[in-house]
J.: 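Just dropping this structure here.
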Amino acid sequence: MTKAELYKKACMLPLLPGVYIIRDKSGTIIYIGKAKRLRIRVSQYFREGVPHDNKVSQMIAHAYAFDVIVCQSEFEALVLEASQIKAHTPKYNILLKDDKGYSYIKVTKDEWPRLSFTLQKEDDGAEYIGPYTSSFAARQMAETAMDAFLLPRCSRRFPQEIGRGRPCLNAHIGKCMAVCSGKISRENYEQAVKSAVHLIRYGKKDILKTLNERMLEASDRLEFETAALIRDQIAAITKVTAGQKVVVDPDVEMDVVALAGTPGSVCAAVLRFREGRLTDKREFLFHDTADIAAVREEFLPRYYLDDEQIPKVIAVDELPPDVDALQQALNEKRGSEVQLYVPQRGDKAHLVEMAHTNAVERLARESGRYAREEKLLDELAQVLGLPKPPRTIESYDISNWGDGTSVCGMVTFRDGKPYKAGYRKFKMKTVAGTDDYASLAETVSRRAAEYEKYSEMAANGEPSSNCFGQKPDLLLMDGGRGQVSAAKAALAGTALADVPLYGMVKDDHHRTRAIVDSEGREIAINMNRGTFTFVTAIQDETHRFANAYRKQQMKQKSYSSTLTEVPGVGPKTAKALMTQFKSVGAVKEATPDQLENTPGVGRQMAQTIYEYFHPQG
């Protein structure tokens, strides 16, 4: 339907509350909204001359049809909208992602373990406590534990640097036990790390009792240095926890919410207070919009009516237009009355200002970050002689192992940042043996074929959001002249043949040294610090992603080989079992009936597998 036809249809809607569902040409739901009066709200989207921000304009441009569900009340429409958005996650509704991901507290398995906060879990043998959905809370717990048990934060390596040099400032001000001095035994240090982990996992109550007992025992054994160390730890825990200032009534659960905006983005900041203290801070960024009121109207019900715990008090900078319906929904979900209001004076009003300041600061940081990334892309374009900054960069790296099997990892950077939705993995289909050039040629050929497929679909009126349907501005290969030549030959005659193509060359120490163009000429980048750092980050991320995929494939292959030891189970059946059960352990625990549900596994084969892992006697 055209925009005019949609407007005509919208003008026939009733002046009743309800939910409207907008779809694109393929029938996919792209937006779900609620309205107090359906006719007025929906017709605004399609009436000529009505101004809209960038996000709404894009939604309207893709709109092809809409449906409505008439409700008995605005409250019913609000609840229905929330459930429908959760079920369909439409493209143009706000997505409540605070871009922090999961956080962990890491405890290394070294001879002298180290404790730290980290945003990524790695396969390095360390112990990871978590995951935590709040990086704020995880970082605070790690800092508290390190302060309480005087654990080192420096980069010194133990035991190699014990006794070398003087202790750092942290030791002099009482924030570190000074392992480097050589006066701390390994036994006492390991006990401090274990106590720190206990504090993180279970809180201070139990650990204080245990520490007091250990201090008395050490004193009875005349181990006064150990007793003094434990005494300092008890004092540090008491001091650290006392320093967590109570800012509101300890009996009140309260969230404080405020929004701020720029001409292109809106940020919602949520401060969570529990037991009188600030326990978490979350920030949500919404790009391509400047309409704070519209974001507020959608954000509050989305945030609280999804899976979020609803506190007794929610202080906001401004009430949404559907406040009565939202108030009723909050009360029903919590099971008791929720105080949703705008504080006018006093401490709570100051906390709302604090939330607003956090939102403004986050937007300022984002603006600065975008400015830095714009500068990086401009500099890269100048170094490479590109006509414009490369907004979308794709980077490829081949990873192989001893048996001749190869895989390729592809990472995507958009506007100077990693774009995880654009990452792809390739397993070689035509290349036999270890041949990086041929593997790279196969990979980019398949990439070009995917782009041509989605381009043809778009030309036939079937647009797709798949990233393979987007043409990159720059292609980077991990390697030198040989890799670039192989990729260039493979792309010749394809729709990606005109995309600038370069290789990333490493030195003898496996560090980025230069860039090679499609003619095999090297371009030095070490004199351009920004470009050097940026290209190195791309190369390192590509290498990490490709290696991680290779290790995953090796692990799956080793698991499958374990299953092929079962009489009658070949590689194909082993793969089907791994797909069905995810691990060899799960296959071992499965019953014959469960095994029989695997495609390609009959009753007799299921019994054979079961008996192999459960021998009689």
Side-chain angles (χ1 to χ4, degrees), residues 121-123 396-411 420-454 457 464 466-469 478 486-487 490 542-617:
K121 188 175 181 179
E122 299 176 0
D123 188 14
Y396 298 79
D397 185 21
I398 301 296
S399 186
N400 46 59
W401 57 96
D403 65 352
T405 308
S406 296
V407 297
C408 182
M410 168 192 135
V411 306
K420 296 297 180 70
Y423 285 28
R424 291 293 185 273
K425 303 169 183 175
F426 296 85
K427 190 187 297 183
M428 296 307 108
K429 296 180 178 179
T430 62
V431 179
T434 303
D435 189 335
D436 285 5
Y437 299 157
S439 297
L440 199 57
E442 178 189 323
T443 300
V444 296
S445 295
R446 287 162 58 184
R447 168 67 179 100
E450 287 293 305
Y451 173 70
E452 290 166 352
K453 179 183 75 174
Y454 285 108
M457 289 171 57
S464 171
N466 191 299
C467 75
F468 272 168
D478 187 273
T542 313
H543 187 68
R544 180 202 65 78
F545 184 65
N547 273 351
Y549 182 41
R550 173 180 59 81
K551 291 176 182 177
Q552 177 191 11
Q553 290 297 304
M554 289 175 67
K555 187 178 292 186
Q556 288 183 355
K557 193 169 184 178
S558 67
Y559 287 159
S560 296
S561 64
T562 301
L563 293 174
T564 55
E565 294 174 3
V566 180
V569 175
K572 188 175 180 180
T573 304
K575 184 178 180 181
L577 287 166
M578 288 299 296
T579 302
Q580 181 83 357
F581 293 97
K582 309 304 181 188
S583 71
V584 174
V587 175
K588 292 179 179 179
E589 296 298 323
T591 65
D593 289 340
Q594 291 171 330
L595 291 167
E596 191 178 346
N597 289 330
T598 304
V601 177
R603 180 177 295 276
Q604 185 175 349
M605 175 64 71
Q607 190 63 38
T608 299
I609 297 170
Y610 181 81
E611 290 176 356
Y612 179 84
F613 290 117
H614 301 82
Q616 295 297 323

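All residue numbers in this chain count up from 1 along the given sequence. Any value given below was found using the heavy atoms of this structure, including those in side chains, with hydrogens, waters and symmetry copies removed. As the structure is a computational prediction, the values presented were derived from the model and not from experiment.
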J.: Mind checking side-chain contact (heavy atoms from CB on, under 4.5 Å) for Ala449 and listing every partner two or more places apart, or none if nothing turns up?
T.: none

J.: List, one per line, each side-chain donor-acceptor pair under 3.5 Å for residues 600-608, sequence neighbours excluded.
T.:
from, atom 1, to, atom 2, distance (Å)
Gln607, NE2, Glu611, OE2, 3.1
Thr608, OG1, Gln604, O, 3.0

J.: Please round to the nearest 0.5 Å and tell me the distance separating atom CE of Met410 and atom OH of Tyr549.
T.: 13.5 Å

J.: For the atom pair CG (Leu595) and CD1 (Ile609), what is the distance rounded to the nearest 0.5 Å?
T.: 5.5 Å

J.: How long is the span from the CG atom in Asp397 to the OG1 atom in Thr542, to the nearest 0.5 Å?
T.: 6.5 Å

J.: Show the nearest heavy-atom pair for residues Ser406 and Ser439, with the distance to one decimal.
T.: CB-OG, 3.8 Å

J.: Between OG of Ser399 and NE2 of His543, what distance do you get to the nearest 0.5 Å?
T.: 7.0 Å

J.: Show every salt bridge (charged side-chain N to carboxylate O under 4.0 Å, His left out) that has at least one partner inside residues 439-450, sequence neighbours left out.
T.: Glu394-Arg447, Glu442-Arg446, Glu450-Lys453

J.: Specify the closest pair of heavy atoms between Met428 and Thr443, including all atoms of both residues, with the distance to one decimal.
T.: CE-OG1, 3.3 Å

J.: Take the angle between the ring planes of Tyr423 and Phe545 and call it parallel below 30°, perpendicular above 60°, tilted in between.
T.: perpendicular

J.: How far apart are the closest heavy atoms of Ile398 and Cys408, and which atoms are they?
T.: CD1-CB, 3.5 Å

J.: Rounded at 0.5 Å granularity, tell me how far OG in Ser445 sits from CZ in Phe426.
T.: 10.5 Å

J.: Quick one, Asn597 and Gln580 - any side-chain contact, counting heavy atoms below 4.5 Å?
T.: yes

J.: Compare all side-chain heavy atoms of Glu589 with those of Phe613 and state whether any distance is below 4.5 angstrom.
T.: no

J.: What are the two closest heavy atoms between Gly422 and Cys467, and how far apart are they?
T.: CA-SG, 3.7 Å

J.: Please find the pair of heavy atoms, one from Pro567 and one from Tyr612, that lie closest to each other, and give the distance.
T.: CD-CD1, 3.8 Å

J.: Mind checking whether Leu440 and Asp436 have side chains closer than 4.5 Å, heavy atoms only?
T.: no

J.: Which value, rounded to the nearest 0.5 Å, describes the distance between Lys575 atom NZ and Leu577 atom CG?
T.: 12.5 Å

J.: Do you know which two heavy atoms are closest between Asn466 and Arg424, and how far apart they sit?
T.: OD1-NH2, 3.7 Å

